[in-house]
Amino acid sequence: IGSFAALFPKSLHLLKKQLGFDQDRFIKYVVCPKCEALYNFDDCYVSQYRKRVSKNCTFVEYPHHRQHFRRTECGEPLLREVTLKSGQTRLYPFKVYCYQSVTDTLKRFIQKPGFTLKCELWRERDVPVGLLADVFDGRVWKEWQNVDGEAFLAVPRNSAFILNVDWFQLFKHSLYSVGALYMVLMNLPRSERFKPENVFLVGIIPGPHEPTLTINSYLQPLVAELNLLWKDGITVRAHGALTSEVYRAALLCVGCDVPAARKVCGFTGHASCKGCSKCTKRFPGSVTSKIDFSGFDSPSPPRTNHKHREEAQEILNQTSAGDRASLEQKYGSRYSELMSLPYFDCVRFHVIDPMHNLFTGTAKHLMKNIWLDSDNPMLKKNDLSNIQEKLDKIKAPSDVGRMPKKILNSYGGFTADQWKTFTTLFSIYALYDILPQADFELWRQFVLACSFICSPVISEARALLAHTYILNFCKGLEQLYGKHRVTPNMHLHTHLVDCILDYGPVYSFWLFSFERYNGIIGDYGTNQRSVEIQLMRKFTSNQFVKDLPLPTEFQEQFKPVMERLVSRQSGSLQEYCSNEENTSRNVIMSSMLCIGPVHRGQSWSAEDSLFVCHGPHYRDCLGVESLPHLKECYRNIFDDVDESSITGHFNRYALCSFSGERYGSSLSRGDRSSYILARWCALGGKIDTSGHDLRPGVIEFFMEQIIKVNTLIKACIL
């Protein structure tokens with residue numbers, strides 16, 4: 001027992017490490033706590049008299065400063081000495097930057113079953129000209145089919161990345177902000193692109209504070225690998241391939257909120273003379289006197305990649321902090337490490353995020369800072385009560401999400417998704433007869449623009465129409481409330497249409513998915529020591545466990561069980577064969593019909609769909625007057641149905657999973673999921689499959705019946 005206890009790991013981390021579930025497949029860079037330069041740990045100490053001593057940071061910010069005495073090294077200690085319980089001393093970094101190799105992660109993804117096939121599915125799409133359904137329909141993707149006369153995305157095995165950088169508070173009751181660098185492959189279908197198993201967590205930027213101006217030091221390892229992926233690529237043998245092949249990749253999009261986008265792509269904040277990262281417009285005023293962001297009559301000339309790089313290089317060549325700051329203020333530019341990528345366009349390749357720009361930006365500003373202005377509020381307390389009372393009466397479908405609450409508390413605690421839901425779905429109804437007519441019409445212009453912009457699929461014509469609505473809103477707001485109410489976000493509205501035309505609908509690039517991962521990582525439990533290492537370790541461990549294949553031993557016993565579990569989770573339909581005398585194959589198929597006491601004789605169907613019923617259930621029987629209507633429904637849906645097999649008896653269910661979506665009924669707890677848009681057929685009429693007869697309905701309950709169609713037996717959920 002004693003020897004066993006000595007060999008057993010003393011911590012959960014050591015246990016996972018011995019079992020192979022916790023693999024530190026990332027690099028831990030030492031970060032200078034003063035200038036944020038990066039070092040390998042082995043380069044941060046020297047041995048003196050059999051003892052390790054920390055080195056000091058050797059970074060020189062101005063190596064060509066006019067004054068020689070200012071060409072000094074940072075000189076900050078890189079490691080600190082820590083005394084353990086045993087009395088021994090160890091050197092630990094003040095800060096650690098956890099970086100996960102992009103090339104190693106990409107190799108691991110390529111070797112997963114089916115991954116490369118998913119990355120090539122976009123080539124089989126058939127989207128009409130002028131319609132934007134995904135990033136593949138945008139101008140950037142089309143232009144990058146061939147680059148400098150050489151095929152890039154037009155050939156297999158070449159990929160494009162989206163980069164996101166964001167900071168979030170790790171603890172509730174103390175200020176400790178950490179940053180995360182995420183990357184996803186644009187080649188993947190939109191349904192797969194942002195899944196946890198397909199996300200690259202590139203790095204965790206240490207806290208407790210966000211870097212002030214740039215994050216160039218943290219981008220250096222990433223840029224080095226991106227240059228390798230662009231020039232030479234990596235050689236990998238994909239899953240199921242016979243030989244190794246070369247895979248190349250490029251960074252074609254940066255999606256961040258405004259402060260992070262400025263730090264990543266090399267732009268100054270909105271307080272500079274050229275406060276826009278997309279155009280060259282000059283905003284009069286200064287920090288001391290309020291800056292004027294108004295003026296929507298004539299567009300300013302756009303920034304260009306060539307000019308931006310020239311300005312950044314000129315700023316980088318300055319020999320003093322004062323000269324550098326004055327030029328940054330003049331040009332609105334800074335040097336970014338992404339400029340080391342020869343193909344990267346810092347101006348065009350960063351997008352305006354609609355989530356921050358429209359909803360937590362302008363919608364929130366208009367509600368809280370204008371209509372609820374403490375000096376002269378337009379909406380009184382009783383108005384807020386009326387708005388909340390209106391919304392409480394609405395019973396919305398479950399896919400709408402959480403209904404907006406706390407409006408009486410001045411919209412307190414609204415999430416970005418709730419701002420989006422309130423703005424696009426409920427605000428016109430809620431604010432009608434409460435806002436003055438002029439203010440209501442102005443808000444209606446904004447809602448129309450948001451509705452078009454937030455379409456999962458959008459045409460180029462509707463994108464331009466949304467641009468017209470947003471311009472009308474900005475001009476109207478300036479006239480109605482004054483220039484001092486115009487914000488930098490409103491100027492950025494004018495550049496949203498270019499982002500949509502370049503990268504497709506906003507679902508391809510907005511930040512809801514990345515914000516979700518901030519919440520997931522922020523919820524990881526830590527012991528508040530070296531939290532960055534723990535966060536990266538937990539994320540990579542979770543991905544490693546999900547990628548583990550099923551064991552080969554006892555496969556015959558466990559594979560059927562696992563297949564049934566996966567089938568139930570995904571809502572898939574199992575096919576089975578029976579040994580009937582006529583040796584015909586009995587295939588369980590599905591046709592989902594919704595009928596009830598209120599809508600007798602009407603139905604909605606979707607043939608060959610996937611369903612799973614959820615108990616409890618009990619036997620029930622239809623009334624005699626409903627049976628003819630049920631037979632008429634089956635005749636409209638199936639050919640050669642055996643009417644003798646249709647009876648009034650059925651199994652009654654309250655819940656059903658249909659094509660992976662869970663539906664409740666009016667009698668279940670999830671009654672919000674019982675509200676649907678469906679195609680209903682009238683008595684004696686055929687079901688309209690054109691898609692123009694979608695009408696709202698309520699699922700009363702689900703019926704399960706077995707009917708005969710020719711030689712097939714069909715299990716139908718009604």
Is there a side-chain contact (heavy atoms from CB on, under 4.5 Å) between Phe161 and Leu229 once you walk through the steps? CA-CA 11 Å; Phe161 284 114; Leu229 288 170; 4.1 Å; yes
Evaluate Arg139 against Asp498 for side-chain contact (heavy atoms from CB on, under 4.5 Å), listing each step before the verdict. CA-CA 10 Å; Arg139 296 181 299 198; Asp498 288 323; 3.8 Å; yes
N/O donor-acceptor pair under 3.5 Å between Gln145 side chain and Trp141 backbone: yes
Sole candidate of Asp502, Val351, Val135 that passes side chain to side chain contact (heavy atoms under 4.5 Å, CB included) when paired with Val140: Asp502
Check Glu441 with Arg444, please: is the shortest side-chain N to carboxylate O separation under 4.0 Å? yes
Between Asp134 and Arg193, is there a side-chain N and carboxylate O pair less than 4.0 Å apart? yes
Looking only at side chains, do Asn357 and His493 share a donor and an acceptor under 3.5 Å apart? yes
Arg237, CZ: over 12 other non-hydrogen atoms inside 6.0 angstrom: no
Is it possible for you to check whether Lys112 lies under 6.0 Å from the centre of the six-membered ring of Phe109, through NZ or CZ, and within 45° of that ring's axis? yes
What orientation do Trp510 and Phe512 show, parallel under 30°, tilted 30 to 60°, or perpendicular over 60°? perpendicular
Of Phe509, Phe267, Tyr503, Phe344, which is the lone residue that meets ring-ring contact (aromatic ring centres under 6.0 Å, His included) with His350? Phe267
Aromatic ring centroids of Phe440 and Trp443 under 6.0 Å? no
Ring centroid separation Phe194 to Phe514 under 6.0 Å: yes
Would Ile215 and Glu337 satisfy side-chain contact (heavy atoms from CB on, under 4.5 Å), going step by step from the backbone distance to the final call? CA-CA 8 Å; Ile215 60 168; Glu337 195 65 30; over 6 Å; no
Is there a donor-acceptor contact under 3.5 Å linking the side chains of Glu245 and Thr235? no
When the ring centroid of Tyr331 is compared with that of His308, is the distance short of 6.0 Å? no
Check: Thr280 main-chain N/O paired with Arg303 side-chain donor or acceptor under 3.5 Å: no
Under the 3.5 angstrom rule, does the side chain of Arg309 hit a backbone N or O of Cys346 as a donor-acceptor pair? no
Would the distance check show the side chain of Glu120 and the main-chain N or O of Arg157 forming a donor-acceptor pair, the cut-off being under 3.5 Å? yes
Aromatic plane relationship, Trp419 with Phe414 - under 30° parallel, 30 to 60° tilted, over 60° perpendicular: perpendicular
Run the numbers on Leu181 and Phe200 for side-chain contact (heavy atoms from CB on, under 4.5 Å), then give the verdict. CA-CA 8 Å; Leu181 281 75; Phe200 295 66; over 6 Å; no
Would you find a donor on one side and an acceptor on the other, under 3.5 Å apart, between the side chain of Glu478 and the backbone of Ser294? no
What do you reckon, is OH of Tyr432 surrounded by more than 12 foreign heavy atoms closer than 6.0 Å? no
Using a 3.5 Å distance criterion without hydrogens, assess whether the side chain of Thr304 forms a donor-acceptor pair with backbone atoms of Lys307. yes
Quick one: do the Tyr182 and Asn518 side chains pair a donor with an acceptor below 3.5 Å? yes
Geometric cation-pi criterion Lys142 and Trp122, 6.0 Å radius, 45° cone: no
Can you classify the ring geometry of Phe152 versus Trp144 as parallel (below 30°), tilted (30 to 60°) or perpendicular (above 60°)? perpendicular
Would a distance-only check, ignoring hydrogens and angles, find a side-chain to backbone donor-acceptor pair under 3.5 Å from Thr494 to Met490? no
Look at Arg348 together with Glu143 and state whether they make a salt bridge at an N to O cut-off of under 4.0 Å. yes
